[in-house]
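For reference, the structure is listed below as structure tokens.
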Amino acid sequence: MRVATWNVNSVTARLPRLHEWLDLVEPDVLCLQETKTADFPSDGVEQRGYEVAHVGDGRWNGVAILSRVGLEDVTAAFAEQPGYANEDEDALLAVPVVESRAVGATCGGLRVWSLYVPNGRSVGHPHYDYKLGWLTALRAALAPEVAAGPFVVTGDFNIAPTDDDVWDPAAFVGSTHVTARERQALADLRALGLRDVEPRALKGRNFTYWDYRAGMFHKGMGMRIDLVYANDAVTVTDAWVDREARKGTGPSDHAPVVVDLDLTNRGP
DNA sequence: ATGACTTATCCAATAAGA
């Protein structure tokens, strides 16, 4: 089974690239993040044989799972998923809203989650606390599923697991995405019985994100923040970053991560 | 250079991204 994850930075803007990529790579399951729409444009992907589970609330966020090997038990948001109170003109009216950042489904016997972990904005910002709390709640919600059978949680985690996962650690001192607390949240998640499926780089380093600005991609100044975590009931035969998808006209600022796996059919 | 792009939205200036 081929499973992939891709932060497309608007599925509407990326639709031609998405269709082209599906035809080229032919994933069985594709997890998308930042669809940035309330209405997923599903015609083209359905013509290609995919069912779609999408959770989207409009301008921001939005996650989806596309599957051509079955799509069952769709879960929009995980149990007790925290909300975020965006700053309001009257702060007293700010109400936490559960955002479109998580969708789960069972695809051909594999339990899959597509995540768009909150960015955090800056260390000490309320969004940073939201990010950490969100990951704590995620861990609790996923624990039973990790123990139950073949399981993969993937998506844009907005955390670089180690200093090797950013182009220059010195450039990130004091920034989000690299702090000890964020990395500990990832370690806590792995402690459920998950491992980081590190993709091989077809060229250069195995980064998955490069800022649009200042030619960062062509300078190799990227980060590995799009991750695939799998449990012991999943045997990985290959994993790679599709850097080609970051090139050319109208790319996302993220590249897809592609994983080929077998279900070993034994409990973890 | 507290920047550089890109996105959707109140279609124009803004918020957010990481």
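What you see below is based on every heavy atom in this structure, not just the backbone, and it leaves out hydrogens, waters and symmetry mates. Within every chain, numbering begins at 1; the chains are lettered A, B, ... in the order of the sequence lines, protein sequences first and strands thereafter.
The nucleotide whose nearest atom lies closest to any side-chain atom of A/Tyr212 is, among B/dA18, B/dG17, B/dA8, B/dG17. Of the candidate nucleotides B/dG17, B/dA18, B/dT7, B/dG17 has the atom lying nearest to any side-chain atom of A/His127. Nearest nucleotide to the A/Met223 side chain, out of B/dA18, B/dT7, B/dG17: B/dA18. If you check B/dG17, B/dT7, B/dA18 against the side chain of A/Asn7, the one that comes closest is B/dA18. Side-chain proximity of A/Tyr116 to B/dA8, B/dG17, B/dA15: nearest is B/dG17.
Between A/Gly250 and A/His177, the residue anchored closer to the 5' end of DNA chain B is A/Gly250, taking for each the nucleotide with the nearest heavy atom. Mapped onto DNA chain B by nearest heavy atom, A/Trp60 and A/Ala214 fall at different nucleotides, with A/Ala214 at the one closer to the 5' end.
Counting any heavy atom pair closer than 4.0 Å across all strands shown, A/Tyr209 reaches sugar-phosphate atoms only and no base atom. Using a 4.0 Å heavy-atom distance criterion, A/Met216 is classed as making no nucleic acid contact. Base engagement by A/Asn119 is indicated by at least one non-hydrogen atom pair under 4.0 Å involving a base atom. Nucleic acid contact class of A/Asn61 (heavy atoms, under 4.0 Å, all strands): none. Heavy atoms of A/Thr176 sit nowhere under 4.0 angstrom from any nucleic acid atom. Across all strands, A/Asp156 comes closer than 4.0 Å only to sugar-phosphate atoms, never to a base (heavy-atom distances).
Atom P of B/dT2 sits at a distance of 25 Å from the matching atom of B/dA13, rounded to the whole Å. Separating the C1' atom of B/dC10 from that of B/dA15 is a span of 13 Å, rounded to the nearest Å. B/dT7 and B/dC11: their C1' atoms are spaced 14 Å apart (whole Å). If you take atom P in B/dA12 and the same atom in B/dA1, they sit 34 Å apart, rounded to whole Å. Nucleotides B/dG3 and B/dT14, compared at atom P, are 15 Å apart to the nearest Å.
For A/Glu99 and B/dA15, the CD to C1' distance is 13 Å, given to the nearest whole Å. Residue A/Asn9 contributes atom CG, which lies 13 Å from atom P of B/dT9 at whole-angstrom precision. In this structure, CZ of A/Arg224 is placed 16 Å from C1' of B/dA18, rounded to the nearest angstrom. Following rounding to the nearest Å, A/Lys36 (NZ) and B/dG17 (C1') show an atom-to-atom distance of 7 Å. To the nearest angstrom, P of B/dG17 lies 15 Å from CG of A/Asp226. If you measure from atom CH2 of A/Trp210 to atom P of B/dT6, you get 16 Å, rounded to the nearest angstrom. We find that CE of A/Met221 is positioned 13 Å from C1' of B/dG3, with the value rounded to whole Å.
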>> With side-chain contact (heavy atoms from CB on, under 4.5 Å) as the criterion, how do A/Val52 and A/Val45 come out once you've worked through the C-alpha distance, each side chain's angles and the decisive distance to 0.1 Å?
In response: CA-CA 8 Å; A/Val52 178; A/Val45 300; 3.5 Å; yes
>> Between A/Asp156 and A/Tyr209, is the side-chain contact (heavy atoms from CB on, under 4.5 Å) condition met? List the steps.
In response: CA-CA 10 Å; A/Asp156 180 355; A/Tyr209 163 84; over 6 Å; no
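Defined by atom type and a distance below 3.5 Å, a donor-acceptor pair is missing between the side-chain atoms of A/Asp260 and A/Thr237.
Side-chain rings of A/Phe78 and A/Trp134 approach one another, their centers coming within less than 6.0 Å. Ring centroids of A/His127 and A/Tyr130 are separated by less than 6.0 Å, placing the two rings close together.
Remark: side-chain polar atoms of A/Arg205 are paired, donor with acceptor, to backbone N or O of A/Asp164 under 3.5 angstrom. Side chain of A/Thr176 to main chain of A/Gly120: no donor-acceptor pair is present (N/O by atom type, distance under 3.5 Å, no hydrogens or angles).
Contact annotation: A/Asn158 reaches the phosphate of B/dA18 (side-chain N/O to OP1 or OP2, under 4.0 Å). Close to B/dT7, at under 4.0 Å from its OP1 or OP2, lies a side-chain N or O of A/Arg14.
In this model, a side-chain donor or acceptor of A/Arg59 finds a partner on the base of B/dT14 within 3.5 Å.
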